[in-house]
Amino acid sequence: MSLAEIKARIHKAEEAAGRPVGATQLIAVSKVQPNERVEAVLDEGHRLFGENKVQEAAGKWPEFRERFAGVEVHLLGPLQTNKARQALELFEAIHSVDRPKLAKTLARLAQEMGRCPDLFIQVNTGEEPQKAGVLPAEADDFVAECRALDLPIQGLMCIPPVDEEPSLHFALLAKIAARNGLEGLSMGMSGDFERAVALGATHVRVGSAIFGARDYG
Ligand SMILES: *Cc1c(COP(=O)(O)O)cnc(C)c1O
């Protein structure tokens with residue numbers, strides 16, 4: 001699918017849901033993609049990207065940022081505390097805040113550096129043991145804990161289980177966000193971004209539909 005086609009679909013889904021057109025930001029997930037493909041999307045004028053790993057982002061974005069003005073890169077994958085400082089330097093937003101130890105480290109470093117990216121708390125809506133994120137029942141307490149640390153929490157993020165209807169998880173995430181007074185909803189990927197927009201996504205994270213399949217070989 002072309003970038004233009006995906007944007008058109010997002011706009012259509014916004015209209016159908018009675019939301020303002022343009023309310024949803026499209027994060028082009030460039031992890032593992034060859035630089036030529038990323039550059040082609042930059043050449044089309046797109047500026048908002050997502051990466052899964054600190055190391056990979058450090059290797060490719062400083063140079064792109066020099067060549068293209070206005071680039072914004074969000075970290076979507078799990079963050080180890082020993083990479084937190086580097087993450088604060090590299091990203092405009094982090095979507096994977098998922099535990100007290102990480103929250104405390106981010107708060108300390110943000111104080112020290114005098115700035116902090118926008119933060120999203122990852123919620124493990126499917127309660128899957130192998131997946132990162134706080135459990136839905138623990139989310140309210142964790143939001144409060146992050147706020148007490150003065151962290152700029154913008155919203156919540158989820159990755160629904162692969163074998164379940166994602167809309168149920170999007171609706172759950174939206175409900176937890178609403179009762180905590182959070183506006184940001186990072187949800188929806190290549191296969192389900194329109195359903196996420198219908199349920200209020202402010203950020204959809206679309207990789208393979210834009211860039212083609214990832215080649216991990
Ligand atoms: C890889 C990834 C995506 C994009 O997935 P696609 O199915 O390629 O659109 C979105 N969010 C996260 C957290 C990811 O790791």
Side-chain angles (χ1 to χ4, degrees), residues 1-10 13 24-38 40-41 44 46-61 72-80 83 87 90-99 102 117-134 139 154-167 169-170 172-174 177 184-217:
M1 240 184 285
S2 71
L3 190 66
E5 193 176 336
I6 289 167
K7 287 185 175 166
R9 286 195 185 200
I10 290 172
T24 316
Q25 298 201 53
L26 171 60
I27 302 175
V29 183
S30 48
K31 67 181 185 204
V32 190
Q33 299 290 353
N35 282 349
E36 311 86 73
R37 285 194 197 162
V38 180
V41 171
E44 284 186 72
H46 195 75
R47 290 293 179 268
L48 176 56
F49 293 83
E51 288 286 343
N52 254 37
K53 295 193 170 142
V54 173
Q55 226 48 47
E56 188 184 340
K60 83 180 162 204
W61 283 101
E72 198 176 305
V73 186
H74 292 194
L75 178 66
L76 310 176
L79 177 58
Q80 296 167 260
K83 300 230 172 81
L90 277 170
F91 300 104
E92 276 80 9
I94 296 172
H95 291 233
S96 50
V97 181
D98 63 352
R99 58 195 192 281
L102 177 61
D118 291 340
L119 301 177
F120 290 76
I121 291 172
Q122 184 173 351
V123 182
N124 186 356
T125 56
E127 307 193 22
E128 297 173 280
Q130 81 283 8
K131 213 166 253 177
V134 295
Q154 305 296 322
L156 305 178
M157 178 272 231
C158 76
I159 308 171
V162 286
D163 53 354
E164 288 180 25
E165 170 51 47
S167 293
H169 296 270
F170 299 155
L172 173 60
L173 196 73
L185 286 171
S186 168
M187 57 190 198
M189 318 202 307
S190 288
D192 54 25
F193 65 87
E194 286 151 305
R195 277 172 282 179
V197 170
L199 288 162
T202 57
H203 297 72
V204 291
R205 313 178 306 262
V206 180
S208 42
I210 296 175
F211 295 103
R214 285 178 288 276
D215 181 2
Y216 287 95

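In this text the structure is predicted, and so the values were computed from the model without any measurement. In each ligand, atom 1 is the first atom listed, and ligand 1 is the first ligand listed. The residues of the chain are indexed from 1 along the displayed sequence.
Which parts of ligand 1 touch Ile159 is read off a 4.0 Å heavy-atom cut-off, strictly below it: atoms 13 (C). Applying the 4.0 Å criterion to heavy atoms of Gly207 picks out, from ligand 1, the atoms 4 (C), 6 (P), 8 (O), 9 (O). Taking every non-hydrogen atom of Asn52 and a distance limit under 4.0 Å, the qualifying atoms of ligand 1 come out as 14 (C), 15 (O). In the vicinity of Val206, heavy-atom distances shorter than 4.0 Å reach the ligand 1 atoms 9 (O). Set against the non-hydrogen atoms of Arg205, the atoms of ligand 1 under 4.0 Å away are 4 (C), 9 (O), 10 (C), 11 (N), 12 (C), 13 (C).
When hydrogens are left out, the protein atom nearest atom 2 (C) of ligand 1 is Lys31 NZ, 2.6 Å; that is the closest non-hydrogen contact. Counting only heavy atoms of the protein, atom 10 (C) of ligand 1 lies nearest to Met189 SD, 3.2 Å. Here the heavy atom of the protein found nearest to atom 9 (O) of ligand 1 is Ser190 OG, 2.5 Å.
In this structure, CG in Asp118 is found 9.0 Å from CD in Glu92, a value given to the nearest 0.5 Å. Interatomic distance, Glu51 CD to Leu90 CG, rounded to the nearest 0.5 Å: 10.0 Å. One distance of note links CE of Met157 with NE2 of His95; it measures 7.5 Å at 0.5 Å rounding. In this structure, the separation between CD1 on Ile210 and OG on Ser30 is 9.5 Å, given to the nearest 0.5 Å.
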Going through the distances and angles, do His169 and Leu173 end up as a side-chain contact (heavy atoms from CB on, under 4.5 Å)?
CA-CA 6 Å; His169 296 270; Leu173 196 73; over 6 Å; no
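No side-chain donor-acceptor contact under 3.5 Å links His203 and Ser186.
Contact annotation for Arg214 and ligand 1: only side-chain heavy atoms (C-beta onward) come within less than 4.0 Å of the ligand.
The local environment of NZ in Lys131 is crowded, with over 12 non-hydrogen atoms from other residues, nucleotides or ligands closer than 6.0 Å.
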